[in-house]
Amino acid sequence: MSEHPVVRDEASYLVPTYARPEVVFERGQGVYLYDNDGRRYLDFMAGIAVNALGHADAQWVKVVSEQAARLTHVSNLYHTAPHVELAQRLVQSSFADRVFFCNSGSEANETALKFARKYARRVSERDDKTKIVAFTGSFHGRTMGALSATYKSKYRDPFGPLIPHVAFAPYNDSEAAERLIDGNTCAVIVEPIQGEGGVNPATSDFLNTLRTSCDEHDALLIFDEVQCGLGRSGHLWAHLAYNVEPDIMTLAKPLAGGLPIGATLVREDVALVMEPGDHGSTFAAGPLVCRAAQVVFDRVNDSAFLDDVRQKGEHLRLCLRQLDSSLIDEVRGQGLLIGLQFSMPVKRLMSEARQRGLLIINAGEDVIRICPPLTITREEIEEGVTIFGETLSAVEASI
Ligand code: PLP
C-alpha cells in the first residue's frame with residue numbers, strides 16, 4: 001500500500017510529538033469516523049473524551065455555523081453575550097460562583113494553581129504557603145505548572161526544572177495525603193476519576209479526607225474534571241457521586257464538543273483575590289466557542305440524558321465482562337469512562353482493533369480506555385464490544 005501524501009508530508013513538516021497510525025480521517029457522523037478510503041470506524045474514544053455529542057451533531061453544526069457567520073472573536077477586552085450565558089449555566093449548575101475561561105485543560109489547571117498561589121498569599125499574608133499536593137498517576141497537562149503536578153516521569157523529566165514545591169502522595173491513600181497536606185500547602189489537585197493514569201475512580205474516603213485536610217490547613221481543593229466532568233461519569237460533575245465539594249474545578253475536553261475551551265470554576269472568595277490584569281487569554285471564551293459549549297451543556301445537563309449515560313455505562317461494562325477473556329484482569333470505571341486492565345502492553349490491541357474498524361485508546365501501558373460519545377446507542381455499544389471481542393480472540397490466538 002502506497003503511503004498517503006498526508007502521512008508522508010506530516011513526517012517532514014511537523015514536530016514529531018505524536019506517533020500516529022497511517023489513517024487519514026476525512027469526516028465523521030454520529031459515532032462513526034470515515035477515512036480517506038471511505039472506511040468506517042466506530043469511535044470508542046471520542047477524540048480522547050471530547051466529542052460528547054459525537055461527530056457533526058446537527059444542532060451543534062447549525063448553532064456553530066450561524067455564530068461563525070455573525071461573530072467569532074473580539075478579544076476579552078469587550079463584552080459579548082455567549083461567554084456570560086455559558087458562565088451563568090456553569091455557575092447555576094455547580095458549587096461555583098464565578099468562572100475563568102481559557103482554551104485547554106492544561107491552561108485551566110495552570111489557572112487553578114495560579115489562583116491558589118495568590119489566594120494563599122492574600123489570605124495567609126505569607127509568601128511561603130506555596131506547596132501543591134498532587135497524586136501518583138495524575139495527569140494535569142503539559143504546560144509547566146500543570147506538568148509539575150503531573151506524575152509520570154516520562155512527561156516531566158525532559159523539561160526540568162519544573163515549578164518547585166509540588167509533592168506527590170499515593171492516589172487513594174488517605175493517610176499519606178493527610179500526612180503530606182500541611183500549613184504550607186496552598187492547594188491539593190486531584191482527578192475524582194483519573195483518566196490517563198489508568199481510569200482509577202477515587203474512593204469516597206479519599207476525597208473526604210482531602211476535603212477535611214484542606215479545611216484544616218486553609219488549602220484549596222482543586223478537582224480536575226477535565227476528562228471525567230460534564231456527564232462522562234453519568235453525573236453532571238464526577239464529584240457529585242461523592243458528596244464532596246471542591247473550592248476550584250477545572251473543565252475542558254467535552255465542553256465545546258470539539259472546539260478548544262477550558263474553564264476554571266471557583267468560589268466567590270477565590271475569585272475576589274484576582275484583579276484586572278492578573279490573568280488572561282487572547283482567544284478564550286470567544287462567541288463561537290461559547291455558543292458551541294452552550295449546545296453541549298444544555299444537552300448534557302438533563303437528568304434523562306445523564307441517567308442514560310449511567311445505564312449505557314453499566315451495559316457496556318456488563319458486555320465487556322461477558323467477553324470473559326483471560327487477557328482482561330479487570331473492568332472498571334464510571335459512566336462512559338471505562339478502563340480495562342490487562343497484564344500485558346495494550347498497544348497491539350489498539351492497532352488490531354483499528355484494523356477491524358474500532359477506535360480505542362490506552363491509559364498507560366496496560367490499560368485500554370473506552371470513552372465513546374455520550375450519545376452512543378446500546379446497539380452501537382454492542383457492535384463495538386463484538387469487534388473488541390474479535391480483536392481479543394485474534395490477539396489471544398497469536399500469543
Ligand atoms: N487534566 C486531565 C484530567 C486530562 O485528562 C487532560 C488531558 O488529557 C488534561 C488535564 C490536559 O488537557 P489538555 O490536553 O486540553 O491541555
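Order of listing sets the numbers, starting from 1, for every ligand and every atom in it.
Per-residue contacts place E191 under 4.0 angstrom from the following atoms of ligand 1 (heavy atoms of the residue considered): 3 (C). Atoms of ligand 1 lying under 4.0 Å from any heavy atom of N109, numbered from 1 in the order shown and given with element: 1 (N), 10 (C). Close approach to G141 involves these atoms of ligand 1, each under 4.0 Å from a residue heavy atom: 11 (C). Ligand-side atoms of ligand 1 in range of S104: 15 (O), 16 (O), range being under 4.0 angstrom from any heavy atom.
Screening N200, N172, V188 for a side-chain contact (heavy atoms from CB on, under 4.5 Å) with F135, the sole residue that qualifies is V188. Of the residues D97, V99, T250, the one that meets the side-chain contact (heavy atoms from CB on, under 4.5 Å) test with L265 is V99.
A donor-acceptor contact closer than 3.5 angstrom is absent between the side chains of Q227 and E191. For the residue pair H217 and T185, no side-chain donor N or O sits within less than 3.5 Å of a side-chain acceptor on the partner.
Both the sub-6.0 Å distance and the 45° axial angle are satisfied by R39 relative to the ring of Y41. A cation-pi contact, defined as under 6.0 Å to the ring centre and within 45° of the axis, links R142 to Y155.
Checked against a 3.5 angstrom limit, the closest N/O atoms of D224 and ligand 1 fall inside it.
Given atom 14 (O) of ligand 1, the protein heavy atom at minimum distance is S106 OG, 4.5 Å. For atom 5 (O) of ligand 1, the nearest non-hydrogen atom of the protein is Q227 NE2, 2.7 Å. Among protein heavy atoms, atom 2 (C) of ligand 1 sits closest to F139 O, 3.3 Å. Scanning all protein heavy atoms for the shortest distance to atom 12 (O) of ligand 1 gives G105 CA, 3.3 Å.
Residue-ligand proximity: I48 is placed with every non-hydrogen atom at 4.0 Å or more from ligand 1. Residue contacts with ligand 1 include K253, since one or more of its heavy atoms lies under 4.0 Å from the ligand.
Contact check on E380 versus K312 returns no salt bridge, with no Lys/Arg side-chain nitrogen under 4.0 Å from an Asp/Glu carboxylate oxygen.
W237 places none of its side-chain heavy atoms less than 4.5 Å from the side chain of F223.
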